[in-house]
Number of protein chains: 2
Amino acid sequence: MTRTASEPHSPGAPAETDTIRVAVSTVIFTLRRLAGSDAVQVVLPLVRRTRDPHEGQWALPGGWLDATEGLDAAASRTLAETTGLAPSYLEQLYAFGAVDRSPTRVVSIVYWALLRADEITDGSVENVQWFDAAALPELAFDHNEIVGYALWRLRNKVGYSRIAHGLLADEFTLADLREVYEAILGRRLDPANFRRQVENSGTLIPTDRFRTGSHRPARLYRYNQDVELADRGPLDARH
Amino acid sequence: MTRTASEPHSPGAPAETDTIRVAVSTVIFTLRRLAGSDAVQVVLPLVRRTRDPHEGQWALPGGWLDATEGLDAAASRTLAETTGLAPSYLEQLYAFGAVDRSPTRVVSIVYWALLRADEITDGSVENVQWFDAAALPELAFDHNEIVGYALWRLRNKVGYSRIAHGLLADEFTLADLREVYEAILGRRLDPANFRRQVENSGTLIPTDRFRTGSHRPARLYRYNQDVELADRGPLDARH
DNA sequence: GCAAAAGTGTTCATAGTACACCCATGC
DNA sequence: GCATGGGTGTACTATGAACACTTTTGC
């Protein structure tokens, strides 16, 4: 440790060889029902790279951080530009900055997002394709590692936060909600116990409406906006 | 949304007006027993700024990210250079990048660290002073907000991870461990129940040694290195 | 009627909490 | 002895898992 650093936040740009660029990328999760109509899987959109490095490979949607925008705004903007999507749930995941993760030095601030079924605007965007999160191809850069970490956070957070909200429409049945949990956790849940747990949590308010069409009609619920479960702590106030 | 971004990770540096610099800072926590010898408080080292902006104010230890080092390495290096400390526990906290958080555009990758009692090398470093985390002065930049978030993470994580390890020497009594939890959580814990919970967790291995000196001798324990509690998920493999 | 999903009840195991109590040491 | 913290026992409560059972619809 003989090297000395310049003082942080002092004027004077680093030398040209020290150039470090800041990118922002987002892992966007949503659920998709398979054609067979029983299984539901976690899927995410990827963008095919049109330039080197890793031309032709699939990568997370993202872009360069603009000097005039904050990190959150950059995440929203870049994912809208590359995929046309505007997720309701968006949260910072992690900053990746290994020296060799790209030919040039890039620090990526990665976000993760949840998309409700009604927010999916599929179709018209070029070079975007949806992939099963459990069966990804080899992605550009360290993006496989990044998606793996995002999936871990998703599974972890679904246990103590009410993020399933970010994947459902305004009104939903308990079976809808349970399906979300089952898809994320990758295992079946007891309908009876699930009902009681979620009812006792106080996060749901029952409506007078029912969903009919098959067998006994199921009551529709909506999320109680008043309840804020432990989420991001003090940083939540900024949103 | 009329603006178009260049493709991420493509060559070609941004224009000079787009210059964004990357800094790395660390919130270092440790515990200190007050003179009265009963209460223990969470303290952290701050560095007095010797240049504008915010000259004379206290700030988190940190420095610029070097193009040849990863983020973790930069955190270790900068906190060693500014404080002389080498914490055993170091983990990324969050990336702060609001446009107006500094006169020039700076994205700070913030880490948080835990220092064991035997790792504190107090004294010889200039412009470093320890502060009670619960009673901080007004700090430079957005560092008050950052410390607040780090404290929230500390309190949150002590509940499901065994990070108290990062604040204790190799061998410790259950009273030592309980004291750590009480200082972090800010409330008293029942010694009897605390003992059972931590014994049943399987994270501790009892030694044959006892700490004597006051009343009945207390058995010394050490952490079971084999047990890895839920911590940072897949990212842990990189350490 | 019958299948199937909605919804209720009951039982058991486990984890946390409160608190009474005994044990071993310094003084 | 006695104060004090180390350490054990026990009863109560909350929570989750397992699973039997009733209800209401479509066909």
Side-chain angles (χ1 to χ4, degrees), chain A residues 33 36-40 155-156 158-162 164 168 171-222 227 229-230, chain B residues 33 36-40 155-156 158-162 164 168 171-222 227 229-230:
Chain A
R33 170 166 277 102
S37 90
D38 54 340
V40 170
R155 295 196 176 107
N156 197 256
V158 81
Y160 64 88
S161 187
R162 43 162 246 239
L168 288 172
E171 296 194 336
F172 48 86
T173 67
L174 289 179
D176 292 338
L177 185 60
R178 181 165 47 85
E179 209 169 34
V180 171
Y181 278 80
E182 288 178 346
I184 292 174
L185 298 175
R187 60 192 172 90
R188 313 294 303 208
L189 301 173
D190 184 308
N193 295 330
F194 182 81
R195 161 183 299 274
R196 266 183 299 259
Q197 285 170 24
V198 81
E199 274 177 346
N200 294 341
S201 73
T203 57
L204 293 191
I205 44 182
T207 70
D208 295 338
R209 292 160 37 78
F210 289 80
R211 174 176 303 163
T212 176
S214 70
H215 311 297
R216 175 172 173 176
R219 184 181 293 277
L220 290 168
Y221 291 80
R222 57 175 63 247
V227 181
L229 266 81
Chain B
R33 169 165 278 104
S37 90
D38 54 341
V40 170
R155 295 197 177 107
N156 197 256
V158 82
Y160 63 88
S161 185
R162 45 163 245 242
L168 287 172
E171 296 194 337
F172 48 87
T173 67
L174 289 180
D176 292 339
L177 185 60
R178 181 165 47 86
E179 208 169 35
V180 171
Y181 279 80
E182 288 178 344
I184 292 174
L185 297 176
R187 60 190 172 92
R188 312 297 302 210
L189 301 173
D190 185 308
N193 295 331
F194 182 82
R195 161 182 298 275
R196 264 183 299 258
Q197 285 170 24
V198 81
E199 276 177 344
N200 293 341
S201 74
T203 57
L204 293 191
I205 43 183
T207 71
D208 294 339
R209 292 162 35 78
F210 289 80
R211 175 176 302 163
T212 176
S214 72
H215 312 298
R216 174 171 171 178
R219 184 181 294 276
L220 290 168
Y221 291 80
R222 56 174 64 248
V227 181
L229 264 81

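Chain letters run A, B, ... following the sequence lines, proteins first, then strands; residues in each count from 1.
Distances were taken from every side-chain heavy atom of A:Asp190 (C-beta onward) to each of D:dG7, D:dT4, D:dC19; the shortest belongs to D:dC19. You'll find that the side chain of B:Glu199 is closest to D:dT8, out of D:dG5, D:dT8, C:dA5. The side chain of A:Ala192 lies closest to C:dT8, out of C:dA20, C:dA24, C:dT8. Here D:dG7 is the nucleotide among D:dG7, C:dA3, D:dC19 with the atom lying nearest to any side-chain atom of B:Arg219. Here C:dT25 is the nucleotide among C:dT8, D:dT24, C:dT25 with the atom lying nearest to any side-chain atom of B:Pro217. Taking every side-chain heavy atom of B:Thr212 into account, C:dG26 is the closest of C:dG26, C:dA5, D:dC19.
Closest approach of A:Arg211 and A:Glu171 over heavy atoms only: NH2-O, 4.3 Å. In terms of heavy-atom proximity, B:Pro206 sits nearest to B:Arg219 at CB-CD, 3.6 Å. Residues A:Arg33 and A:Val40 come closest through the heavy atom pair NH2-CG2, 3.8 Å.
As a whole-Å value, the separation of B:Arg195 CZ from C:dC23 C1' is 12 Å. The nearest whole Å value for the distance from the CZ atom in A:Arg211 to the C1' atom in C:dA6 is 13 Å. Put simply, CG on B:Leu220 is 12 Å from P on D:dG6, counting in whole angstrom units. Going from atom CZ of B:Arg209 over to atom P of D:dG6 covers 17 Å, rounded to whole Å. Nucleotide C:dA5 holds its P atom 14 Å from the CG atom of A:Asp176, rounded to whole Å. Straight-line distance from the CG atom of B:Asn200 to the C1' atom of C:dT17: 14 Å, rounded to whole Å. Rounded to whole angstrom, the span from the CZ atom of A:Phe194 across to the C1' atom of C:dG9 amounts to 20 Å. The interatomic distance linking B:Phe210 (CZ) with D:dG6 (C1') rounds to 10 Å, in whole Å.
B:Ala175 comes within 4.0 angstrom of the backbone, heavy atoms only, and of no base. Residue contacts for B:Arg178: at a heavy-atom cut-off of 4.0 Å it reaches the sugar-phosphate backbone alone, with no base atom in range.
Contact annotation: side chain of B:Asn193 to base of C:dA18, donor-acceptor pair present below 3.5 Å. Taking 3.5 Å as the limit, the base of C:dA6 and the side chain of A:Arg216 contain a donor-acceptor pair of atoms between them. Judged by distance alone with a 3.5 Å cut-off, no donor-acceptor contact links the side chain of A:Arg196 to the base of C:dG7.
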(request) Could you check A:Leu204 against A:Phe172 for side-chain contact (heavy atoms from CB on, under 4.5 Å), going step by step and ending with a plain yes or no? (result) CA-CA 10 Å; A:Leu204 293 191; A:Phe172 48 86; 3.7 Å; yes
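For the pair B:Arg155 (side chain) and B:Ile184 (backbone), a donor-acceptor distance under 3.5 Å is present.
A residue-by-residue look at A:Gly213 and B:Ala218 shows that B:Ala218 has its nearest nucleotide of DNA chain D further toward the 5' end.
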